[in-house]
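For reference, the structure is listed below as structure tokens.
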Protein chains: 2
Amino acid sequence: MTFKRTNPLALAVLALLSERPMHPYEMAQTMRERHQEKVIKLNYGSLYTVVESLHRHELITASAVQKAGNRPERTVYAVTAAGTAELHDWLRELIAVPAREYPRFEAGISLVGLLPPADALQVVTRREAAVGEQLAALAVLLEKLAGMGLPQLAWIELDYRMAMLRAERTWLAWFATATREGTVGGYQDWEDRHR
Amino acid sequence: MTFKRTNPLALAVLALLSERPMHPYEMAQTMRERHQEKVIKLNYGSLYTVVESLHRHELITASAVQKAGNRPERTVYAVTAAGTAELHDWLRELIAVPAREYPRFEAGISLVGLLPPADALQVVTRREAAVGEQLAALAVLLEKLAGMGLPQLAWIELDYRMAMLRAERTWLAWFATATREGTVGGYQDWEDRHR
DNA sequence: TCCCGTATATCCGGCACCGAGTATAGGGTC
DNA sequence: GACCCTATACTCGGTGCCGGATATACGGGA
């Protein structure tokens, strides 16, 4: 069986190991330090599952089993040539080919007609505020990272996310206005259904 | 145990049943007809799991077990009062509170520095084209839906998605240019690492 | 009348994922 | 030196999701 590119955590593991050999717990630490866990979902259970899977497919090797004192044994892994190839190819695919994803907000907004217009307006406004806060927080973080001397390329994904959040906020503002003023297509029927 | 709002397919089920009672297979048919499966991931296995879970939590009831001829029995479900309440509350939450999600592209682009700049440029350009095609396809679909006399509110989620795709395309165009011209922050180092 | 492809309707086994649980080491405090 | 809190490192059982398997009905052509 060929390796399945499901969990992006496996990508992170390959990327970390292409720097230097590590044991799983250390990978988690490093991801936390670098705020990588905000971009790639990390939790211990999955981490060990994913490492084992990479190992089975010979994309990484168990290079050493250290045993310092009486601590639990820790297995240090290293990436193989096949692993590096997989990393680069997967990366290319992730960037080049838009994946069909199912953002939860799309599911919600597609059914917004089930809520009374007044309720809809309220929740959309709440989201708008929340998105604004996220943008502010990101701006602060970017400031900090730039101040630490990190180049833009090191936080390019935050740049992308900010662009997306700004677009979302703009759309939300439009929708809120269109609802408030009753100019969204089908408004009359919407209001009629809820009285 | 209280019902867990994990799979949005359960939301779709509640929404469908709030129109009229249905059996699971019919729900799937209806979702397909309405292109809902593009917004909420549907597959048969999950559908039956989700319906069973809703049933266990008494958000829907098995109202009748029809048996037409010798066909497999089909269980028709109906939404309960608790189910309707759950539907509305879940909807409000989905819209009001941005969920932490992990788009695969963010994972990919965050590691783009591992690819040589020339490769990166190529894959980003490919994505830009793909996103353009998706936008074109969506525009055609919108045209068709509007032509059928459906109000904007009925395809509001497509409106949202188009806004997001446009923003993504703009960002991709910027990143491609910045890479081609070497103006992205950290470019020199990036290029140096790959020779 | 027989056959076969398609539509109807559900079921089930495997597997990835998750988060809470476990167990030891190290360091600070009284 | 007894105590306790945090950091280290991994394990494991439960659960939900998935996609292919199953089984019957129906319509149309040879």
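Keep in mind that the numbers below use all heavy atoms, side chains included, and drop hydrogens, waters and symmetry copies. These numbers come from a predicted model, not from an experiment. Each chain gets a letter, A, B and so on, in the order its sequence line appears, and its residues count up from 1.
- Closest to the side chain of B:Thr49, out of C:dC18, C:dT8, D:dG16, is D:dG16.
- Rounded to whole Å, the distance from CG on B:Asn43 to C1' on C:dT10 is 13 Å.
- Using a 4.0 Å cut-off between charged nitrogen and carboxylate oxygen, A:Arg104 and B:Glu101 do not count as a salt-bridge pair.
- At whole-Å resolution of the value, OH in B:Tyr48 and P in D:dG16 are 19 Å apart.
- Nearest-nucleotide positions on DNA chain D place A:Pro24 closer to the 5' end than the other of B:Asn7 and A:Pro24.
- If you measure from atom CE of B:Met27 to atom P of C:dT8, you get 16 Å, rounded to the nearest angstrom.
- The shortest distance between the side-chain N/O atoms of A:His23 and the OP1/OP2 oxygens of D:dT8 is not below 4.0 Å.
- The residues B:Glu52 and B:Arg56 are annotated as salt-bridged, a charged nitrogen and a carboxylate oxygen being separated by less than 4.0 angstrom.
- Across the protein-nucleic acid pair, B:Arg74 atom CZ and C:dT8 atom P stand 10 Å apart, rounded to whole Å.
- Atom NZ of B:Lys4 is separated from atom P of D:dT15 by 8 Å (rounded to the nearest Å).
- Counting any heavy atom pair closer than 4.0 Å across all strands shown, A:Thr6 reaches sugar-phosphate atoms only and no base atom.
- If you measure from atom OH of B:Tyr44 to atom P of C:dA9, you get 10 Å, rounded to the nearest angstrom.
- Among the atoms of the strands shown, none is found under 4.0 Å from any heavy atom of B:Glu26.
- Distances shown here put a side-chain N or O of A:Tyr25 below 4.0 Å from the OP1 or OP2 atom of D:dT8.
- For the OP1/OP2 pair of D:dC18 and a distance below 4.0 Å, the side-chain nitrogens and oxygens of B:Ser46 include at least one atom meeting the criterion.
- Atom CZ of A:Arg126 is surrounded by 12 or fewer heavy atoms from other residues, nucleotides or ligands within 6.0 Å.
- Both A:Leu114 and B:Val13 belong to a single network of hydrophobic side chains, linked directly or stepwise wherever heavy atoms of I, L, V, M, F, W or Y lie under 4.5 Å apart.
- A:Leu9 places its CG atom 13 Å from the P atom of C:dG19, with the value rounded to the nearest Å.
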#### Entry: A:Lys38 vs A:Glu157, salt bridge (Lys or Arg N to Asp or Glu O under 4.0 Å): CA-CA, chis, key distance, verdict
CA-CA 10 Å; A:Lys38 277 170 190 159; A:Glu157 74 279 7; over 6 Å; no
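- Between the C1' atom of D:dG16 and the NE2 atom of B:His57 lies a distance of 12 Å, rounded to the nearest Å.
- For C:dC18, the OP1/OP2 oxygens have a side-chain nitrogen or oxygen of A:Lys41 closer than 4.0 Å.
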